[in-house]
Amino acid sequence: MRLYNTMGREIQEFKPINEKEVGLYCCGPTVYNYAHIGNLRTYVFEDLLRRTLEYAGYNVNHVMNITDVGHLTGDADDGEDKMEKSARETGKTPADIASFFTDAFFKDIDRLNITRPKTACAATKHIGNMIGLIKRLEAKGFTYIEGGNVYFDTSKFENYGEMALLDRQKLKAGARIAVDGNKKNPADFVLWFTNSKFENHIMQWESPWGRGYPGWHVECSAMSMKYLGDSFDIHCGGIDHIPIHHTNEIAQSEAASGKKWVNYWIHGEFLLMDKQKMAKSAGNFFTLQTLIDEGYDPLDYRYFCLGGHYRSQLIFNFESLDAARNARSNLALKVADLKAEAEPAPKAKLDVRAAAILKKFNAGLLNDLNAPKALAELWQLMKDKEISAGDKLGTVLEMDRVLGLKLEEVEASSAELTDEEYAVVKEREQARSDKDWAKADELRGKLLEMGIEIKDTAEGTECKKRGNL
RNA sequence: GGCGCCGUACCCAAGUGGUAAGGGAGAGGUCUGCAAAACCUUCAUGCAGCGGUUCGAAUCCGCUCGGCGCCUCCA
């Protein structure tokens with residue numbers, strides 16, 4: 001399997017630390033608001049990665065953090081905590097907010113058929129681990145205290161910014177935000193705050209440096225190391241995390257352990273709205289629920305995401321989403337008809353043509369998760385005139401183990417009609433023989449709403465069950 | 001100011017040296033009382049533009065034009 005590693009900026013052959021085990025850490029949501037579909041694109045990509053690894057035979061230990069503390073509203077270190085702000089505005093406690101939006105997040109990823117991580121860890125449950133990490137860093141001399149906060153001294157970490165190529169960038173300190181006068185170096189970042197500028201800051205914990213709360217990079221290092229060890233295979237996230245969040249995580253993790261922390265860094269690109277990135281701050285975002293309210297199935301969005309490569313920006317608009325919906329619907333219709341015709345052939349007994357297409361499908365995914373290529377192979381399969389229904393069905397269901405489009409659940413179009421449905425069909429046939437076309441057409445529409453598709457032929461009327469499509 | 005990336009048909013989008021995947025939409029046809037679905041046919045001598053390298057370039061190099069992201073909120 002080949003994957004593009006942001007560390008080194010090249011496609012590399014994937015070799016896990018342990019032969020059959022993969023440690024996978026994915027940056028999770030900050031649970032102060034709903035995820036938007038741009039956020040969700042990244043989780044779809046990570047799910048594709050996980051499923052591909054599992055399909056390739058690896059046992060994946062998938063860990064994701066739930067950030068319920070520590071991210072700030074403002075661009076600088078003096079911004080208000082998002083959790084606290086949301087709590088204050090709604091009159092709820094931060095814990096209530098976190099609980100509510102954590103549930104909403106899992107509901108979204110469930111609806112997208114994204115496999116839940118084996119471990120989903122909340123930051124507030126791991127404050128002790130974070131303090132432990134900061135103490136390790138302090139003992140090794142990587143920290144300093146200024147203005148009541150504990151800072152990481154980036155000048156002490158030799159390869160700081162290596163992945164983000166920061167040494168090649170002449171960063172303009174203060175280009176966007178005010179410089180924190182407490183910092184010795186512009187890139188230094190806070191490990192522990194004791195000086196909240198907001199009175200009544202609810203989320204505070206005791207620490208060796210005083211009562212306060214952790215900086216927002218610490219949790220990922222502390223929790224990933226707890227669940228996956230000082231060194232593990234893959235760390236994923238959005239591309240925006242490369243220069244700051246992941247750069248700082250690498251620095252503090254490797255400074256603490258003295259070991260290489262992560263072997264493969266894989267980052268997903270943004271979803272664009274009208275050529276601009278989708279962002280809550282820009283106000284140009286949709287939630288999954290918005291799409292559902294517009295009449296789309298969450299899997300339509302999943303299919304849409306699979307239509308673009310994870311390392312390319314993907315342009316979202318409703319015309320494209322319609323295209324994805326139509327494509328997925330057409331696929332499901334074909335699968336329903338295949339199920340009516342034959343039993344799926346087992347993978348080991350596929351004929352050579354089907355096996356060859358499946359091989360190309362796999363090759364696409366194993367080559368840096370080329371899902372668009374894999375989908376193209378899927379359509380080659382569906383269009384093939386020589387492959388039998390059983391072989392097609394067996395192959396496409398095999399493909400869907402990675403694609404996750406729930407084709408297994410598609411009902412065969414031959415499913416028996418209920419008495420009620422049958423009665424309407426008979427009623428329409430009567431209308432047709434009476435040449436009462438208006439009534440026949442009306443009943444055809446009614447049947448379609450009931451999920452029954454009608455086809456009038458010279459031999460009579462045929463029905464197809466389209467109930468769950 | 002610096003860094004990273006992109007520009008492929010009406011829309012989305014693969015392909016990154018060997019002669020343009022796939023989906024959707026559109027058009028024509030078969031079938032039908034009319035439809036829908038299905039099936040068949042069709043849909044870029046062309047990959048922003050201009051040069052260059054090469055037997056050969058959408059793919060490599062240069063320039064120009066246009067767009068996106070980042071430089072401590074961000075998936």
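It should be emphasised that the depicted structure is a prediction, and the values quoted were computed from it without experimental measurement. Basis for what follows: all heavy atoms, side chains included, without hydrogens, waters or symmetry-related copies. Below, chain A is the first sequence line, B the second, and so on; all start at residue 1.
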Euclidean distance, atom [atom1] of residue [X] to atom [atom2] of [N] [Å, nearest integer]:
X	N	atom1	atom2	answer
A:K435	B:rA35	NZ	P	16 Å
A:D47	B:rA75	CG	P	18 Å
A:K360	B:rA21	NZ	C1'	10 Å
A:K455	B:rU30	NZ	P	16 Å
A:F318	B:rG24	CZ	C1'	16 Å
A:I242	B:rG2	CD1	C1'	17 Å
A:I315	B:rC10	CD1	C1'	14 Å
A:Y4	B:rC5	OH	C1'	10 Å

Please determine if a side-chain N or O atom of [X] lies less than 4.0 Å away from the OP1 or OP2 oxygen of [N].
X	N	value
A:N326	B:rG24	no
A:S312	B:rC5	no
A:K464	B:rA36	no
A:Q380	B:rA21	no
A:N370	B:rG15	yes
A:K383	B:rG23	yes

Kindly point out which of [options] is positioned nearest to the side chain of [X]?
X	options	answer
A:A323	B:rG23, B:rC12, B:rA21	B:rG23
A:K334	B:rA38, B:rC11, B:rA36	B:rA38
A:P243	B:rA13, B:rA37, B:rC70	B:rC70
A:H241	B:rC74, B:rG23, B:rA37	B:rC74
A:P372	B:rA38, B:rA75, B:rA13	B:rA13
A:W216	B:rG4, B:rA36, B:rC74	B:rC74
A:L272	B:rG23, B:rA75, B:rC68	B:rC68
A:D240	B:rG22, B:rA38, B:rC74	B:rC74
A:L271	B:rA75, B:rA14, B:rC11	B:rA75
A:D441	B:rA38, B:rA75, B:rC34	B:rC34

Does B:rA75 have A:F270 stacked on its base, where the ring centres are within less than 5.5 Å and the planes differ by under 30°?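 No; by the centre-distance and plane-angle rule, A:F270 does not count as stacking on B:rA75.
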Within a reach of under 6.0 Å around CD of A:E158, are more than 12 heavy atoms found that belong to other residues, nucleotides or ligands?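 No, not enclosed.
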Given A:L405, which partner from the list A:N113, A:D300, A:D400 fulfils the side-chain contact (heavy atoms from CB on, under 4.5 Å) test?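 When side-chain contact (heavy atoms from CB on, under 4.5 Å) is applied between A:L405 and each of A:N113, A:D300, A:D400, only A:D400 qualifies.
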Give me the distance, rounded to whole Å, that separates [N] from [M] when you measure between the [atom1] atoms they each carry.
N	M	atom1	answer
B:rA38	B:rU32	C1'	13 Å
B:rG46	B:rA57	P	14 Å
B:rG2	B:rA44	C1'	38 Å

Base of [N] paired with side chain of [X] (donor-acceptor, under 3.5 Å):
X	N	value
A:R444	B:rA36	no
A:D456	B:rC34	yes
A:R428	B:rG33	yes
A:R432	B:rG33	yes

Under 4.0 Å, heavy atoms only, any strand: does [X] hit a base, just the sugar-phosphate, or nothing?
X	value
A:G237	sugar-phosphate
A:T42	base
A:W437	base
A:N248	nothing
A:A327	sugar-phosphate

Take A:T119 and A:H62, measure what side-chain contact (heavy atoms from CB on, under 4.5 Å) needs, and give me the verdict at the end. CA-CA 6 Å; A:T119 302; A:H62 180 192; over 6 Å; no
Mapping A:Y310 and A:I37 to their closest nucleotides on RNA chain B, which lands nearer the 5' end? A:Y310
When you match A:E269 and A:H309 each to their closest nucleotide on RNA chain B, which lands nearer the 5' end? A:H309
In the structure shown, which nucleotide is the Watson-Crick or G-U wobble counterpart of B:rA48, with both distances under 3.5 Å?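 Matched B:rA48 with B:rU64 under the 3.5 Å cut-off.
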Using a strict 4.0 Å threshold on nitrogen-to-oxygen distance, state whether A:K334 and A:D337 make a salt bridge.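 No, no charged N to carboxylate O under 4.0 Å.
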Flag for A:Y160-A:E254: side-chain donor and acceptor within less than 3.5 Å: no
Is there side-chain contact between A:M399 and A:L381, with heavy atoms separated by less than 4.5 Å? yes
Would you mind reporting whether A:N159 and A:I250 have side-chain heavy atoms less than 4.5 Å apart?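 Of all side-chain heavy-atom pairs linking A:N159 with A:I250, none is under 4.5 Å.
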Output, in order, the C-alpha distance, side-chain angles, deciding distance and verdict of ring-ring contact (aromatic ring centres under 6.0 Å, His included) for A:F286 and A:F318. CA-CA 11 Å; A:F286 294 111; A:F318 281 100; 5.3 Å; yes
